[in-house]
Amino acid sequence: MAADDPDRRSFLKVTTCALGASAGVALVVPALRLVAAPAGATTVTGPSEPFDLGLVERFRVGAEPRKVEVIAPMVKDAWTAARNVVLGAAFIRRTGPDKIEALSAVCPHLGCAVGWDPAAKNFLCPCHDSRFQPDGARMTGPAERGLDPLPVSVVDGRLQLTWVRYRAGSSSREPV
């Protein structure tokens, strides 16, 4: 057989292309898996257990709402972990000896920080002038709903708060 036989040339072309494609796939597949892996997975994890806010006696019956920062002991993502991360703040209000309410200090309009206005005796979002009643109900402004309630419980005389972040800019309460 001659060195320039058409069958041999065709075989060498096909074999070379097959080896090149195999090598390309062997390199591309792991690279794609590396890039796409976080897309379908939960990469950020925060605390799922309630936060201990201290003794219930800290909060007096009938007093103005008290702002408490919610600090996670640890938050992990796909690459690192951070300690003592401020997740947000809550306003705690004790309306009776056995009745405690917690409201998120995040404005439901665009997520700004809400504060207590002691002169007006209501909550105020200074960014867009939304106002909320002491129980969190919407009074005025562009916010479409009232302040978001947060679950609380009393365990062995200590106040436990579960942090929930809600989607801003909506009239419905959807956890994020």
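Hydrophobic clustering, with ILVMFWY side chains joined whenever heavy atoms are under 4.5 angstrom apart, groups V56 together with V152. Clustering ILVMFWY residues whenever any of their side-chain heavy atoms sit less than 4.5 angstrom apart, transitively, puts L150 in the very cluster that holds L53. Under a hydrophobic clustering in which Ile, Leu, Val, Met, Phe, Trp and Tyr are joined whenever their side-chain heavy atoms come within less than 4.5 Å, directly or via other members, F91 and L124 fall into different clusters. In the hydrophobic clustering of this structure, V68 groups with V85; members are Ile, Leu, Val, Met, Phe, Trp, Tyr whose side-chain heavy atoms approach within less than 4.5 Å, directly or through other members.
A donor-acceptor pair is defined here as one N or O able to donate and one able to accept, closer than 3.5 Å; such a pair exists between the side chain of R94 and the backbone of F59. Put simply, the side chain of S130 gets close to the backbone of A143: a donor and an acceptor are under 3.5 Å apart. In terms of modelled atom types and a separation under 3.5 Å, the side chain of R145 and the main chain of S172 share a donor-acceptor contact.
One distance of note links CD1 of I92 with CZ of R58; it measures 9.0 Å at 0.5 Å rounding. Atom CG of L12 sits about 11.0 Å away from atom SG of C17, to the nearest 0.5 Å. Atom-to-atom distance recorded for C125:SG and H109:NE2 is 8.0 Å, nearest 0.5 angstrom.
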Side chain to side chain contact (heavy atoms under 4.5 Å, CB included) evaluation trace for I71 with L87: CA-CA 6 Å; I71 301 172; L87 299 177; over 6 Å; no
Would K99 and V61 satisfy side chain to side chain contact (heavy atoms under 4.5 Å, CB included), going step by step from the backbone distance to the final call? CA-CA 9 Å; K99 179 85 169 125; V61 175; over 6 Å; no
Step by step, work out the side chain to side chain contact (heavy atoms under 4.5 Å, CB included) result for L147 and V114. CA-CA 9 Å; L147 294 177; V114 172; 4.0 Å; yes
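Heavy atoms from other residues, nucleotides or ligands lying under 6.0 Å from CD of E174 number more than 12. Surrounding CD of Q133 are more than 12 heavy atoms belonging to other residues, nucleotides or ligands, all under 6.0 Å away.
Considering all non-hydrogen atoms of both residues, C112 and C127 come closest at SG-SG, 2.9 Å. Across G146 and R173, no two heavy atoms sit closer than the pair O-NH2, 3.4 Å. When all heavy atoms are compared, the tightest approach of A89 to K67 is CB-CE, 3.6 Å. Listed here is the closest heavy atom pair of R131 and A120: NH1-CB, 3.9 Å. Nearest approach of D148 to P108, heavy atoms of both residues: OD2-CB, 4.5 Å. Residue E57 comes nearest to G157 through the heavy atom pair OE1-O, 4.4 Å, listed as atom of the first residue, atom of the second, then distance.
Side-chain contact check for D129 versus T140: every heavy-atom pair is 4.5 Å or farther apart. With contacts defined as side-chain heavy-atom distances shorter than 4.5 Å, the pair F123/C107 does not qualify.
For K121, the salt bridge (Lys or Arg N to Asp or Glu O under 4.0 Å) criterion is met by E64, not counting sequence neighbours.
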Could you give the side-chain donor-acceptor pairs of residues 158-167 under 3.5 Å, partners two or more places apart or in another chain?
residue: R158; atom: NE; partner: D52; partner atom: OD1; Å: 3.3
residue: R158; atom: NE; partner: D52; partner atom: OD2; Å: 2.7
residue: R158; atom: NH2; partner: D52; partner atom: OD2; Å: 3.3

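Ionic pairing of R93 and D135 is not present here: no N-O contact between side-chain nitrogen and carboxylate oxygen is shorter than 4.0 angstrom.
Among V29, L27, V28, the single residue meeting the side-chain contact (heavy atoms from CB on, under 4.5 Å) criterion with V25 is V29.
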